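Remarks on the structure that follows.
Ligands are counted one by one from 1 in listed order, and the atoms in each one are counted from 1 as well. Just so you know, these numbers come straight off a predicted model, no measurement behind them.
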Amino acid sequence: MAIKVISDKCIGCGVCVNECPFNAIDMIDNKAVINESCTACGACIEACPVDAIEKEEVATKGIDITKYKGVWVFAEQRNGELLNVAIELLGEGRKIADKLGVQLTAVLLGNNVKNMTETLIKYGADKVILGDHELLETYTTDGYAKVISELIEDKKPEIMLIGATNIGRDLGPRISAKVKTGLTADCTRLEIDDEDKKLLQTRPAFGGNLMATIICPKHRPQMSTVRPGVMEKAKYDETRQGEVEEIEIKLTKDDIKAVVIDTVKAEKEEVALEEAPIIVAGGRGVGNEKGFELIEKLAEKLGGVVGASRASVDAGWIDQPHQVGQTGKTVRPKLYIACGISGAIQHLAGMQSSDCIVAINKNPGAPIFKVADYGIVGDLYEVVPALIEALDNVDDIMEAFKTVNS
Ligand code: FAD
Ligand code: SF4
Ligand code: SF4
């Protein structure tokens with residue numbers, strides 16, 4: 001839908017300029033001209049005394065959606081290692097493909113990555129489309145988006161799933177714009193509508209206070225990004241067989257406008273929260289930066305890593321890569337210990353799939369206790385040192401056992 005001024009009818013009264021809430025109308029040569037700020041709200045149409053403004057249907061290129069078949073997963077790899085999120089998407093993609101009765105295809109791009117195709121098949125892909133080329137060694141938006149969008153136009157998949165990693169968040173929108181389809185970012189649930197077989201893409205909306213289910217009715221593929229850690233990993237099946245199709249890559253250096261000169265690792269150590277089997281997380285209840293030393297001590301003792309709520313990140317007590325939740329990382333460790341975290345819905349969105357949740361909070365009414373398997377009501381400055389001490393005693397007992405048995 002677009003708004004248009006019929007120039008011949010416009011008498012230059014300027015009423016619409018005052019009426020527009022978005023400053024989207026300029027007077028040029030005594031005629032109203034709509035600018036790019038227009039949201040098509042329609043307020044000016046009503047206001048014009050001579051009916052000189054109207055809504056215009058913008059024709060969208062109609063596509064025959066029945067020509068699109070199959071589920072694709074972007075098999076993101078870094079330096080020849082498949083990311084966990086790709087395995088998670090293969091698990092989810094497999095379920096969707098089985099429900100639709102179609103093939104599951106993994107799209108693998110890189111340089112000298114042929115050896116990874118078998119792994120993708122063992123994790124559930126029926127087919128791997130392999131693009132192996134020196135210009136695909138390092139990820140570039142232009143290179144990867146060109147190859148994948150041309151592939152989509154050629155082979156027409158009905159669904160494409162991409163991990164919401166830094167690369168996936170860059171690549172997904174670029175592909176969807178190129179192939180003129182929609183993309184639902186950060187989905188937490190994917191299902192197939194039993195009746196019309198459309199992909200139901202569910203994600204948190206309005207600050208996580210409600211879940212919105214989004215469909216893409218008229219365009220293909222239906223594209224979604226899914227955060228790492230949200231879906232369960234596919235099971236590795238040694239017996240699986242599949243097909244590998246190596247495509248010819250027609251990229252040239254001129255296709256890639258941004259040149260990657262160097263890759264510099266962040267000075268601070270990466271926090272592998274999504275992979276960690278044990279996370280000890282601190283919230284505003286920790287009280288200050290120093291308090292996180294205690295959280296770290298417990299994490300170390302258990303062989304885990306430190307997580308945090310957004311409140312403690314915003315307070316500057318800990319860096320953002322530690323943040324768990326809707327705007328942080330989604331984790332599903334075996335053990336999640338929440339210390340001084342109230343359990344806001346945006347925090348729960350990132351950790352409630354953990355196998356075992358232990359909450360330490362001095363307020364017995366804190367919502368975190370509703371999702372906790374074990375709740376400890378108390379001051380974390382008493383409970384956490386007591387836990388560390390108990391673990392120290394376990395260590396001593398184990399040591400004593402070893403000595404006795406040796
Ligand atoms: P609080 O809610 O202040 O809770 C502190 C808790 O500590 C309280 O329950 C208190 O009883 C307890 N406590 C205090 N002292 C002690 C003590 N000595 N011992 C034991 N317990 C104690 N939040 C996230 O965490 N992650 C996100 O990704 C995220 N994304 C968001 C996105 C949006 C769009 C919005 C609007 C919000 C987001 N939030 C996120 C913020 C979220 O709404 C909460 O504000 C935040 O999670 C609160 O953090 P908290 O539990 O540490 O702090
Ligand atoms: Fe302004 Fe709304 Fe008219 Fe667009 S449709 S010019 S936003 S009043
Ligand atoms: Fe022209 Fe109508 Fe706007 Fe007046 S209100 S300037 S006639 S478009």
Under 4.0 Å to a heavy atom of [X] - the qualifying atoms of ligand 1, by number:
{"X": "G283", "value": "52 (O)"}
{"X": "V324", "value": "24 (C), 25 (O), 26 (N), 27 (C), 28 (O)"}
{"X": "S309", "value": "25 (O), 49 (O), 50 (P), 52 (O)"}

Below the 3.5 angstrom mark, is there an N/O of [X], backbone or side chain, next to an N/O of ligand 1?
{"X": "T327", "answer": "yes"}
{"X": "A308", "answer": "no"}
{"X": "H347", "answer": "yes"}
{"X": "A366", "answer": "no"}
{"X": "G328", "answer": "yes"}
{"X": "A344", "answer": "no"}

Y374 meets the ring pair (Phe, Tyr, Trp, His ring centres under 6.0 Å) criterion, sequence neighbours left out, with none

Given [X], which of [options] fulfils the side-chain contact (heavy atoms from CB on, under 4.5 Å) condition?
{"X": "K233", "options": "L89, N84, L90, V85", "result": "N84"}
{"X": "R332", "options": "P228, P277, S353", "result": "S353"}
{"X": "M160", "options": "T181, I152, L183, V73", "result": "I152"}

Note: heavy atom closest to atom 15 (N) of ligand 1, options A205, C339, G285, belongs to G285

One finds that the ligand 3 atoms under 4.0 Å from a non-hydrogen atom of I53 are 8 (S)

Does [Y] offer a backbone N or O that forms a donor-acceptor pair with the side chain of [X] under 3.5 Å?
{"X": "K122", "Y": "R240", "value": "yes"}
{"X": "D319", "Y": "P321", "value": "no"}
{"X": "K329", "Y": "E274", "value": "no"}

Salt-bridge criterion met for [X] and [Y] (N-O under 4.0 Å):
{"X": "K297", "Y": "E300", "answer": "no"}
{"X": "K4", "Y": "E54", "answer": "yes"}
{"X": "E150", "Y": "K146", "answer": "yes"}

Any heavy atom of I345 under 4.0 Å from ligand 1? The part involved is neither

Near atom 4 (Fe) of ligand 2 (protein N/O/S, cut-off 2.8 Å, waters excluded) we have C38 SG

Within the 2.8 Å cut-off the protein N, O or S neighbours of atom 4 (Fe) of ligand 3 are C13 SG

Checklist entry - Is the number of heavy atoms from other residues, nucleotides or ligands within 6.0 Å of CD (E134) greater than 12? => result no

Salt bridge (Lys or Arg N to Asp or Glu O under 4.0 Å) pairs touching residues 95-115, sequence neighbours excluded, are E92-K95, R94-D98, K99-D194, K114-E246

Tell me, please: is G378 in heavy-atom contact with ligand 1, that is, under 4.0 Å?
yes

_For T66 and D64, which I'm curious about, is there any donor-acceptor pair between the side chains at under 3.5 Å?_
yes

- Do M211 and T188 have side-chain heavy atoms sitting under 4.5 Å apart? yes

Open item on the list: Can you classify the ring geometry of Y123 versus Y236 as parallel (below 30°), tilted (30 to 60°) or perpendicular (above 60°)?
Closed with: perpendicular

